[in-house]
Number of protein chains: 2
Amino acid sequence: MSAHRSQGADEPACTEELPSAARCGPVSHTISRVGRLHRIAAGKFLKAAGIYPGQEAVMMYLWDSGPVRQSELIKVMDLDPSTVTKMLQRLEQTGHVRRSPDPADRRAVLVEATGASCSLLTEVSAAWADLEEHTLAGLDAHERAELARLLGKVEANLCKETLGCPAEARRGEV
Amino acid sequence: MSAHRSQGADEPACTEELPSAARCGPVSHTISRVGRLHRIAAGKFLKAAGIYPGQEAVMMYLWDSGPVRQSELIKVMDLDPSTVTKMLQRLEQTGHVRRSPDPADRRAVLVEATGASCSLLTEVSAAWADLEEHTLAGLDAHERAELARLLGKVEANLCKETLGCPAEARRGEV
DNA sequence: GCGCATTGATTGGCCGACCAAGGTAAAATC
DNA sequence: GATTTTACCTTGGTCGGCCAATCAATGCGC
């Protein structure tokens, strides 16, 4: 609930006390807030590990998969190529990732987690688990499953859309 | 490193293994994705109106409330002061917002939506409603209510950080 | 072999969002 | 009244994320 305006005693609200955003799209409004708060929380949890939110997903994939092409990373993460490029440049600079040209394709780049980064695996996994628990505190197993199910449907909705969704267009094949 | 998958060049599309991120925190993973996809979708819906995601919330509040102190905006939106400053600078530059010094407090700034911006009200509201419907397509009334309820609990969890934040507790001090 | 479309990756620009610091004005304290 | 504290905003930096444009290498058609 939004308890921020509890102090507004004599606010001459011209219409309602609820913001228009919450009136027009209550769930959208909440999703925005939750997304942002979740990212902030992730940042706090990951700070100890020395990486930024967004990077952990890349690292986790790299730890799982071993050396992989950057294009594969882009496809799997469903991110913009430029986003991945910049993120990898920073991860390389901080020593978490190594990049090398693909001998089989001179325009491609192979990416892999460095040995040093493997020490983060435990930390990051723990942080991710803590974040999960912090996020879902107070929800029983059934509620968690239901939330996961509903979010899954929402994700599917947001992914594919008739309005020229780039994600859809990008992953149109296969 | 955990299980290094054999890097087959011809990976069959059927075996889409779950990344570690999804294993360690499935809901967190989905929230991240949904948050990002939702923001992208919002950007698409708002592009016609000529504003960027994040700005619509500010504008909606300004349309509702009339002239308001910047500090009030910061408090209500729960954003970083610097974020609001920069956003307002851009909104001012695009003519959607007017800022003036508060005569009653020379360090404060009064913000209000310009008359020109009011033409956006309809567009933005419609876009926001479309976004809501697009997000929730295929969910019946009960599911929508349940999703809103669960997201509300999650939001509350994410808000009260620092109390149960194990990351800092693990560090020991601070 | 040669031209052209496709793929892979990078650069630059922009926006939202954070933090850290700083500067000024009001309020609280003495 | 003078001093400290607090509030309000700005600047500069960083990061994730997008788009548009670009360059290099591959592959296909001819």
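To find a chain, count down the sequence lines: A is the first, B the second, and so on, and within it residues start at 1.
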Could you state the CD-P distance from B:Gln70 to D:dT11, rounded to the nearest angstrom?
-> 11 Å
If you round to the nearest 0.5 Å, how far is CZ of A:Arg33 from SG of B:Cys159?
-> 5.5 Å
Set of residues satisfying side-chain hydrogen bond (donor to acceptor under 3.5 Å, both in side chains) with respect to B:Thr114, sequence neighbours excluded = none
For the pair made of CG in A:Leu110 and C1' in D:dA25, what is the distance, rounded to whole Å?
-> 15 Å
Could I get the full list of side-chain contact (heavy atoms from CB on, under 4.5 Å) partners for B:Thr30, not counting sequence neighbours?
-> A:Leu151, A:Glu155, B:Val34
What is the distance from atom CD1 of A:Ile31 to atom CZ of A:Arg36, rounded to the nearest 0.5 Å?
-> 15.0 Å
Separation of D:dG16 P from B:Leu37 CG (nearest whole Å) = 18 Å
Whole Å only: how far is the NZ atom of B:Lys86 from the C1' atom of D:dG16?
-> 14 Å
Please list residues of residues 88-107 of chain A whose heavy atoms come under 4.0 Å from any atom in DNA chain C, ordered by number; otherwise none.
-> A:Gln89, A:Arg99, A:Arg107
Take the protein atom NZ of B:Lys44 and the nucleotide atom P of D:dC18, then report the distance between them rounded to whole Å.
-> 11 Å
Would you classify B:Ser71 as touching base, sugar-phosphate or nothing, given that sugar-phosphate means primed atoms plus P, OP1 and OP2, and contacts are heavy atoms under 4.0 Å?
-> sugar-phosphate
Would you kindly compare B:Asp80 and B:Arg69 by the position of their nearest DNA chain D nucleotide and give the one closer to the 5′ end?
-> B:Arg69
Under 4.0 Å between a side-chain N or O of B:Thr85 and OP1 or OP2 of D:dT10?
-> yes
Between A:Lys47 and B:Met87, name the one whose nearest nucleotide on DNA chain C is closer to the 5' end.
-> B:Met87
With no hydrogens and no angle check, is any side-chain donor or acceptor of B:His134 less than 3.5 Å from a backbone partner on A:Asn157?
-> yes
How far apart are the closest heavy atoms of A:Arg99 and A:Val111, and which atoms are they?
-> CG-CG2, 4.3 Å
Phosphate oxygens OP1/OP2 of D:dG16: is one of them under 4.0 Å from a side-chain N or O of A:Arg39?
-> no
Just how far, in rounded Å, is P of D:dG16 from CG of A:Asp78?
-> 17 Å
What nucleic acid atoms does A:Ile40 come within less than 4.0 Å of, heavy atoms only: base, sugar-phosphate, or nothing?
-> sugar-phosphate
Between B:Leu131 and B:Ala42, the two heavy atoms sitting closest are CD2-CB, 3.7 Å
Separation of D:dC15 atom C1' from A:Arg36 atom CZ, nearest Å, is 16 Å
With a 4.0 Å cut-off (strictly under) to non-hydrogen atoms of chain A, the first and last hit nts on DNA chain C, 5' to 3', are C:dT7 to C:dC18
Drop me the distance from B:Glu146's CD to A:Leu147's CG, to the nearest 0.5 angstrom.
-> 9.0 Å
For A:Glu56 and D:dC15, what is the distance between atoms CD and C1' respectively, to the nearest whole Å?
-> 13 Å
Go through the N and O atoms of the side chain of A:Ser82 and the base of D:dC19, and report whether any donor-acceptor pair is under 3.5 Å.
-> yes
Assert: residue with more 5' nearest nucleotide on DNA chain D, out of A:Thr83 and B:Ile74, is B:Ile74
Those residues at least two apart in sequence (or on a different chain) that pass side-chain hydrogen bond (donor to acceptor under 3.5 Å, both in side chains) with B:Ser28 are A:Glu132
Taking only residues two or more places apart in sequence, or in another chain, which ones meet A:Gln70 in a side-chain hydrogen bond (donor to acceptor under 3.5 Å, both in side chains)?
-> A:Thr85
